[in-house]
Undergrad: 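Here you go, one structure.
Indexing begins at 1, ligand by ligand and atom by atom, following the structure's order.
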Amino acid sequence: MTTKSDALEIQVNKNTNNPDQAWNVLSRKIKKTSCNHLPLDLPIYPDKVRFVCISDTHNSIERMKYEIPSGDILLHAGDFTMNGSLKDVEKFSKNLENLQSKFSYIVLIAGNHELSFDKNCDRNTVTQDPKIYLKNFLYLEDNLIELFGIKIYGSPWQPKFGNWAFNLNRGEEILKKWNKIPNECDVLITHGPPLGFGDIINGGYHVGCCELLSTIRERVKPKYHIFGHIHEDPGVWTDEQTTFINASTCNLRYKPANPPIIFDIPLPEGH
Ligand code: 5GP
Ligand code: MN
Ligand code: MN
Ligand code: MN
């Protein structure tokens, strides 16, 4: 069935290549507020699905300053290695296996550092498929899964910065990827932030993706959007429609200093 919203076409922001300027304009009509972080020792309720979010662990998941608490679903928003070597992916996978008893599911996406996951990246020298190491987990790359009746979509793309994996031009090129996100999506995971939320780099500029923000606000309207990539702006915010979480674990010096971020979604009826 085609709904009105299916047909809704997101337009490229005319300031897309100057995200700081784009936010300057958009922030006048978007109500952005910070949210309290839930305490990591919050009890797990039987009528809720507990999500535990981490990102940008960069070969350091076993050395996190804060212990990863138990939950129903662990989400990792990419950059789990430094360069995606098979050795590092295998080591990461062993570390994830040690966490498996704490969760029903582990869901992850790649980030720009996972060079071996992007077969079109010219810096990718690995011929083997690194995903064989992740077969015990739910690796998402532009696809949707449903867990406990909750729809979760994951995508690794981010606006080009340097020469990395899953880099795309701002505007039309990256919007094509966001157009694949179904309207029906409760939890969206991307590696990079949308414009305006958890996207302020050292120096004070916004670098998030304009087309991702438009897609989220105007079409998909997920309950939660989880990402990382901008290590210096972790936190939780809302625009009164979506809760935005920058779950970056590493700081700018690639030290795993930040705590995981948790949230709960009421268990849908019949689950
Ligand atoms: P990573 O290399 O782990 O993907 O990103 C690490 C850091 O690179 C971020 O915390 C941020 O400081 C910087 N960075 C990432 N993407 C961008 C971008 O698009 N623009 C700018 N100026 N810096 C970025
Ligand atoms: Mn929706
Ligand atoms: Mn990173
Ligand atoms: Mn990154």
Side-chain angles (χ1 to χ4, degrees), residues 13 15-24 53-65 75-85 88-89 91-92 95-96 108-118 121-124 130 139-142 154-171 173-175 177-178 188-213 225-235 237 244-261:
N13 187 309
N15 292 317
T16 192
N17 288 310
N18 185 350
D20 204 55
Q21 170 62 15
W23 180 249
N24 213 339
C53 309
I54 58 176
S55 188
D56 297 77
T57 49
H58 288 291
N59 287 341
S60 309
I61 192 169
E62 73 282 20
R63 285 181 274 119
M64 283 174 61
K65 181 170 168 192
L75 300 182
H76 192 303
D79 276 3
F80 42 86
T81 67
M82 289 303 283
N83 62 15
S85 74
D88 289 349
V89 177
K91 190 181 130 219
F92 173 68
N95 285 316
L96 277 189
L108 73 160
I109 62 169
N112 55 302
H113 279 255
E114 275 73 64
L115 300 174
S116 59
F117 286 71
D118 183 354
C121 174
D122 54 31
R123 285 175 68 197
N124 177 10
Y139 171 77
L140 301 184
E141 198 177 303
D142 301 314
S155 179
W157 305 95
Q158 1 78 45
K160 210 170 265 182
F161 177 67
N163 184 12
W164 290 99
F166 302 109
N167 269 194
L168 291 175
N169 292 313
R170 293 175 183 273
E173 194 179 40
I174 200 158
L175 178 58
K177 297 294 182 188
W178 308 143
L188 175 64
I189 314 165
T190 61
H191 178 56
L195 180 70
F197 297 84
D199 72 329
I200 301 178
I201 55 160
N202 207 9
Y205 293 97
H206 291 274
V207 298
C209 180
C210 298
E211 283 65 49
L212 182 54
L213 181 69
H225 177 208
I226 323 310
F227 50 89
H229 186 50
I230 301 304
H231 297 187
E232 56 271 58
D233 201 8
W237 300 266
F244 296 91
I245 300 178
N246 180 334
S248 288
T249 298
C250 278
N251 60 21
L252 260 186
R253 287 175 296 124
Y254 293 87
K255 295 282 177 289
N258 301 326
I261 297 176

Undergrad: At under 4.0 Å between heavy atoms, is it the side chain or the backbone of Ile230 that contacts ligand 1, or both, or neither?
TA: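 For Ile230, backbone and side-chain atoms both sit under 4.0 Å from ligand 1.
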Undergrad: In this structure, does ligand 1 have an atom that sits under 4.0 Å from one of the heavy atoms of Asn202?
TA: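 The answer is no, since Asn202 has no heavy atom less than 4.0 Å from ligand 1.
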Undergrad: Can you confirm whether the side chains of Asp88 and Asn59 place a donor and an acceptor under 3.5 Å from each other?
TA: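 A donor-acceptor contact under 3.5 Å links the two side chains.
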Undergrad: Angle at the Mn ion (ligand 3) between NE2 of His58 and NE2 of His231, to 10°?
TA: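 My answer is 90°, to the nearest 10°.
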Undergrad: Would you check whether His231 has a nitrogen or oxygen atom less than 3.5 angstrom from a nitrogen or oxygen atom of ligand 1?
TA: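 Min N/O separation from ligand 1 is below 3.5 Å for His231.
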Undergrad: State the atoms of ligand 1, each with its element, that fall below the 4.0 Å cut-off from a heavy-atom position in Ile201.
TA: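 Counting atoms of ligand 1 from 1, those under 4.0 Å from Ile201 are 22 (N), 23 (N).
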Undergrad: Heavy-atom contacts with Leu252 under 4.0 Å: which atoms of ligand 1 show up? List them by number with element.
TA: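 Near Leu252, meaning under 4.0 Å from one of its heavy atoms, ligand 1 has 10 (O), 12 (O).
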Undergrad: Is there a donor in the side chain of Glu232 and an acceptor in the side chain of Asn251, or the other way round, less than 3.5 Å apart?
TA: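 Per modelled atom types, Glu232 and Asn251 side chains form no pair under 3.5 Å.
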Undergrad: As a quick check of understanding, evaluate salt bridge (Lys or Arg N to Asp or Glu O under 4.0 Å) for Glu211 and Lys177, giving each step before the final call.
TA: CA-CA 10 Å; Glu211 283 65 49; Lys177 297 294 182 188; over 6 Å; no
Undergrad: For N/O/S atoms only: which one belongs to Asp79 and is nearest the Mn ion (ligand 4)?
TA: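 This residue's closest N, O or S atom turns out to be OD2.
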Undergrad: Does ligand 1 have a heavy atom under 4.0 Å from the side chain of His113, from its backbone, from both, or from neither?
TA: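 The side chain, only.
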Undergrad: So, 2.8 Å as the limit: is an N/O/S atom of His229 located closer than that to the Mn ion (ligand 3)?
TA: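 Not a single backbone or side-chain N, O or S atom of His229 is under 2.8 Å from the Mn ion (ligand 3).
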Undergrad: Taking atom types as modelled, is there a side-chain donor on Thr249 or Asp56 under 3.5 Å from an acceptor on the other?
TA: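 Thr249 vs Asp56: no donor-acceptor pair found between side chains.
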Undergrad: Could you point out which residue of Glu114, His113, Lys91 forms a side chain to side chain donor-acceptor pair (under 3.5 Å) with Thr81?
TA: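 For Thr81, the side chain to side chain donor-acceptor pair (under 3.5 Å) check succeeds only for Glu114.
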Undergrad: Measure from atom 21 (C) of ligand 1 to every heavy atom in Tyr254, Tyr205, Phe161 and give the option owning the shortest one.
TA: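 Selected option, by shortest heavy-atom distance: Phe161.
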Undergrad: Please answer whether the main-chain N or O of Ala165 pairs with a side-chain N or O of Gln158 as donor and acceptor at a distance below 3.5 Å.
TA: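 The answer is yes, because a donor-acceptor pair under 3.5 Å joins these two groups.
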Undergrad: Looking at atom 12 (O) of ligand 1, what's its closest protein heavy atom, distance included?
TA: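 I find the closest protein heavy atom is Glu232 OE2, 2.6 Å.
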Undergrad: Quick one: look at Trp164 and ligand 1, take heavy-atom pairs under 4.0 Å, and tell me if it's side chain, backbone, both or neither.
TA: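 Neither part.
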Undergrad: So for ligand 1, is Asn112 a polar contact partner (N or O within less than 3.5 Å, distance only)?
TA: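 Such a contact does occur with ligand 1.
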Undergrad: For Gln158, is the nearest heavy atom under 4.0 Å from an atom of ligand 1?
TA: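 Flag not set, Gln158 not near ligand 1.
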Undergrad: Name of the Asp56 N, O or S atom nearest the Mn ion (ligand 3)?
TA: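 Result for Asp56 and the Mn ion (ligand 3): OD2.
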Undergrad: I want to know whether Phe161 and His229 have ring centres closer than 6.0 Å.
TA: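 That pair fails the under 6.0 Å test.
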Undergrad: For Asp233 and Asn246, work out which heavy atoms get closest and say how close.
TA: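 Heavy atoms of Asp233 and Asn246 come nearest at O-ND2, 3.0 Å.
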Undergrad: Using the side chain to side chain donor-acceptor pair (under 3.5 Å) definition, which of the options Asn112, Asp142, Asp118 pairs with Trp157?
TA: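 Only one of Asn112, Asp142, Asp118 forms a side chain to side chain donor-acceptor pair (under 3.5 Å) with Trp157, namely Asp142.
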Undergrad: At what distance is the nearest protein heavy atom to atom 16 (N) of ligand 1, and which residue and atom is it?
TA: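 Protein heavy atom with the smallest distance to atom 16 (N) of ligand 1: His229 NE2, 3.0 Å.
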Undergrad: Relative to ligand 1, is Asp79 under 4.0 angstrom through side chain, backbone, both or neither, heavy atoms considered?
TA: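 Asp79 to ligand 1: side-chain contact only, backbone stays beyond 4.0 Å.
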Undergrad: Do Phe197 and His225 make a side-chain contact, defined as non-hydrogen atoms from C-beta onward lying under 4.5 Å apart?
TA: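 No. Closest side-chain heavy atoms not under 4.5 Å.
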Undergrad: Do Phe92 and Thr57 touch side chain to side chain, with heavy atoms closer than 4.5 Å?
TA: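 Result yes, sub-4.5 Å side-chain heavy-atom pair found.
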Undergrad: May I ask you to check if any N/O/S atom from His191 comes under 2.8 Å of the Mn ion (ligand 4)?
TA: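 Yes, His191 qualifies, because one of its backbone or side-chain N, O or S atoms lies under 2.8 Å.
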Undergrad: Are the side chains of Pro193 and Phe244 in touch, meaning some heavy atoms are under 4.5 Å apart?
TA: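 The answer is no, as the side chains (C-beta and beyond) never meet within the 4.5 Å cut-off.
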Undergrad: Assess Asn112: does it contribute an N, O or S atom lying under 2.8 Å from the Mn ion (ligand 4)?
TA: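 Yes.
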Undergrad: Suppose I only count heavy atoms of His58 and a 4.0 Å limit; which atoms of ligand 1 are within that range?
TA: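 Within the 4.0 Å cut-off of His58, ligand 1 contributes 3 (O).
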